[in-house]
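A short worksheet on the structure shown next.
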Amino acid sequence: MGRFSTSIAAVALVTGAASQQFDILRHVGGNGQWFPGPEVTGISSETPEGCTVELAGFFSRHGSRYPDRGAYNGWVDLQTRLQASGNLTTSDPSLAFLSTWSPVLSDPAQQIAQISPTGYKELHAMGATWRLRYAHLYDYNTPFTMWANWYASSPRVRDSARLFAQGFIGPNATTLGTIYALNASDPASWMNSLGTSDLCPAYRDSEGAPYTTVWNEKYRPPIRERLNALVTGFSFTDDDVSSIPYLCGFETQIAGRRSPFCDILTEEEVLAYEYAQDLRYWYGAGLGYDIGKSTMLPVLAGFVQRLVDGPNATYTTSSNTTFVPPKVIANFANDGQINQLIAATGIFDNEPSLSANFSDPDRKFRASRIVTMRGTVAFERLSCPSAAATPPQNQTYTASNSTSPNTYIRLLLNDVVYPVANCADGPGSSCSLAKYQSIVQGKMDAVGDFKKMCNATNPAFETRPVATFFRDDTVEQGIPIKP
Ligand SMILES: *[C@@H]1O[C@H](CO)[C@@H](O)[C@H](O)[C@H]1NC(C)=O
Ligand SMILES: *[C@@H]1O[C@H](CO)[C@@H](O)[C@H](O)[C@H]1NC(C)=O
Ligand SMILES: *[C@@H]1O[C@H](CO)[C@@H](O)[C@H](O)[C@H]1NC(C)=O
Ligand SMILES: *[C@@H]1O[C@H](CO)[C@@H](O)[C@H](O)[C@H]1NC(C)=O
Ligand SMILES: *[C@@H]1O[C@H](CO)[C@@H](O)[C@H](O)[C@H]1NC(C)=O
Ligand SMILES: *[C@@H]1O[C@H](CO)[C@@H](O)[C@H](O)[C@H]1NC(C)=O
Ligand SMILES: *[C@@H]1O[C@H](CO)[C@@H](O)[C@H](O)[C@H]1NC(C)=O
Ligand SMILES: *[C@@H]1O[C@H](CO)[C@@H](O)[C@H](O)[C@H]1NC(C)=O
Ligand SMILES: *[C@@H]1O[C@H](CO)[C@@H](O)[C@H](O)[C@H]1NC(C)=O
């Protein structure tokens, strides 16, 4: 198995034998900083022999960040309760810090919801890594177009795109880069944004309930009881149990040093928390939720069409201008949208539904490997002329002829290749691009009417929309931002 030779895995914290040790920071679901996922699929991330990457693209969550207001208020509440107790005593050295603990933010009023310095580091490194990995797909000192969700609650998504641009383009990023921040609540952006569920009234992220509720009732009380037996003068609640790994993930990246919250729970307890995160995403915004797994399909369909159109495509926009699209197609959004998109890709279509009361150790779906901070689903259009001798079977060719039987698509989650369910017969377990397009079209057909799915009533909304922003830099909902 090989890694991308230019991956920042080269500077990962753990190497060799140490990597066998349990690292809680790799098991805190969406609350951990980025790391290249473990190679659980056994497929090399090097470009398959005989292939070249003709186009690459990604959809990434924003980088590591400070807590949102609600989470921060919870931390302050914990501190208040700890101090009110006044007399917390413990014989367990891992809990002693609690009597004097305070949240790590130095300027909460300004920092809340923003990207943190670990996020700056992740995004600059990501930009440089992508530039090195796909050096042939961007010409030195030329314009570069990207996209971000216009997240109304915080600039962190567009700031992530800006920081990526700085790492990718370099010193001239401000001049050369343009980020179209797509306003997902503008009716003009119906299924044509990076936050499609914003215009979908029926969409409701349950945060995984009732599955998470069942699991929380099962795994948290024994941990609460164990901890309460170790302290006097303070009483942990079930919610405090979930806050411990959450704080471990956040404090570590905010402060740039390991949080003492990382050393409270046992490995087994951490894995139970990790599963709660899997349930949260699977049922809240993913495959366990019919609207969640479908709401990004029109974006995926538009993106796949961009891949099908090929590296040399130029487009006439809705304003009759010419758009020369980038060959590295960079998109930033939030965890919900990244999870929705990954659910649409087909990677997990053969996975059994997650149980509310049993954590299958062999499950493939792990939030910790997917929607970490800066969690990324990446796509490559591969041209593999030498693979033509063994063309994949069952191909259904679509209207466009810019894909040949030698053209494939490969998907990577946090730098690890994950095959598409039922379509992995190309080089390096890739999928024929034409077949992939028909898989996505099949999913669109299964939804049929997106307006009906969303319970949307705007007469201007199409029933079967396909995102156009990848080929049109003049869409009304795009707000240009400079890196
Ligand atoms: C701390 O312990 C002392 C002695 O037991 C007790 O009088 C006091 O009320 C306790 N303080 C708090 C805040 O519980
Ligand atoms: C930035 O762009 C200017 C104008 O094209 C060019 O002279 C300069 O060399 C560029 N800087 C870098 C670092 O390439
Ligand atoms: C996004 O669109 C909504 C609805 O049209 C509008 O109220 C809001 O001002 C827009 N946001 C930005 C940043 O333009
Ligand atoms: C759909 O809209 C109708 C009418 O506004 C409403 O009664 C119903 O609850 C909505 N359904 C969902 C799933 O949001
Ligand atoms: C794109 O254009 C280049 C340069 O003309 C050419 O070598 C390449 O084959 C073209 N790629 C496709 C997929 O048409
Ligand atoms: C674009 O060009 C076509 C054909 O010339 C014309 O019919 C159309 O009105 C133009 N659209 C815009 C937005 O200028
Ligand atoms: C899990 O929950 C289901 C439904 O509530 C129940 O039928 C099943 O017995 C439970 N399994 C375990 C292992 O507790
Ligand atoms: C081809 O289709 C058949 C029937 O749909 C299926 O059983 C088989 O696995 C497919 N083969 C490939 C290589 O996709
Ligand atoms: C695609 O190629 C096939 C076979 O060469 C041809 O029959 C078909 O008309 C072409 N379709 C388009 C849209 O060009």
Side-chain angles (χ1 to χ4, degrees), residues 123-125 127-132 134-146 162-180 184-192 195-211 283-298 313-328 336-337 340 343 446-478 480-483:
L123 293 154
H124 279 159
T129 297
W130 272 69
R131 177 75 180 272
L132 292 166
Y134 303 111
H136 61 297
L137 299 181
Y138 171 74
D139 291 332
Y140 191 87
N141 211 33
T142 56
F144 186 64
T145 303
M146 301 169 52
R162 296 172 61 218
L163 291 160
F164 173 90
Q166 291 160 16
F168 186 89
I169 302 170
N172 277 346
T174 310
T175 325
L176 299 171
T178 305
I179 299 149
Y180 290 101
S185 54
D186 182 337
S189 76
W190 167 245
M191 294 292 152
N192 197 5
T196 51
S197 55
D198 289 13
L199 287 176
C200 186
Y203 182 84
R204 206 161 291 111
D205 181 347
S206 67
E207 307 228 324
Y211 302 87
Y283 290 106
L287 278 144
Y289 176 30
D290 51 358
I291 304 181
K293 71 180 183 190
S294 304
T295 186
M296 285 293 269
L297 273 172
T314 59
Y315 297 103
T316 301
T317 69
S318 54
S319 313
N320 281 348
T321 53
T322 298
F323 178 45
V324 180
K327 294 181 185 178
V328 171
Q337 294 119 10
Q340 293 159 358
V447 173
D449 184 338
F450 280 78
K451 267 183 87 168
K452 195 170 158 200
M453 175 186 88
C454 284
N455 214 5
T457 52
N458 189 324
F461 289 180
E462 286 175 53
T463 58
R464 200 189 152 96
V466 172
T468 61
F469 66 83
F470 300 107
R471 54 185 154 94
D472 186 350
D473 62 348
T474 68
V475 292
E476 197 179 320
Q477 63 272 30
I481 305 272
K482 280 290 169 185

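Indexing begins at 1, ligand by ligand and atom by atom, following the structure's order.
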For ligand 6, find each of its N or O atoms that sits under 3.5 Å from a protein N or O atom, and tabulate the pairs with distances to one decimal place.
residue  : atom   : partner : partner atom : Å
ligand 6 : 2 (O)  : Asn320  : OD1          : 3.3
ligand 6 : 2 (O)  : Asn320  : ND2          : 2.2
ligand 6 : 11 (N) : Asn320  : ND2          : 3.0
ligand 6 : 14 (O) : Asn320  : ND2          : 3.2

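Not a single donor-acceptor pair under 3.5 Å links the side chain of Thr145 to the backbone N or O of Pro326. A donor-acceptor pair is defined here as one N or O able to donate and one able to accept, closer than 3.5 Å; no such pair exists between the side chain of Thr321 and the backbone of Thr317. In this structure, the side chain of Thr174 engages the main chain of Pro483 through a donor-acceptor pair within 3.5 Å. Side-chain N or O atoms of Asn192 include one that pairs as donor or acceptor with a backbone N or O of Thr468 at under 3.5 Å.
Residue Ala202 has at least one heavy-atom neighbour below 4.0 Å for each of these atoms of ligand 4: 13 (C), 14 (O). Remark: ligand 4 atoms within the under-4.0 Å shell around heavy atoms of Asn455 are 1 (C), 2 (O), 3 (C), 8 (C), 10 (C), 11 (N), 12 (C), 14 (O). Numbered from 1 in the order shown, with element, the atoms of ligand 2 that lie under 4.0 Å from a heavy atom of Tyr140 read 12 (C), 13 (C), 14 (O).
Using cut-offs of 30° and 60° for the angle between ring planes, the Phe164 and Phe168 rings count as parallel. Taking the six-membered ring for Trp and thresholds of 30 and 60 degrees, Tyr203 and Tyr289 have ring planes inclined between 30 and 60 degrees apart.
Between the side chains of Asp198 and Ser185, no donor N or O sits under 3.5 Å from an acceptor N or O.
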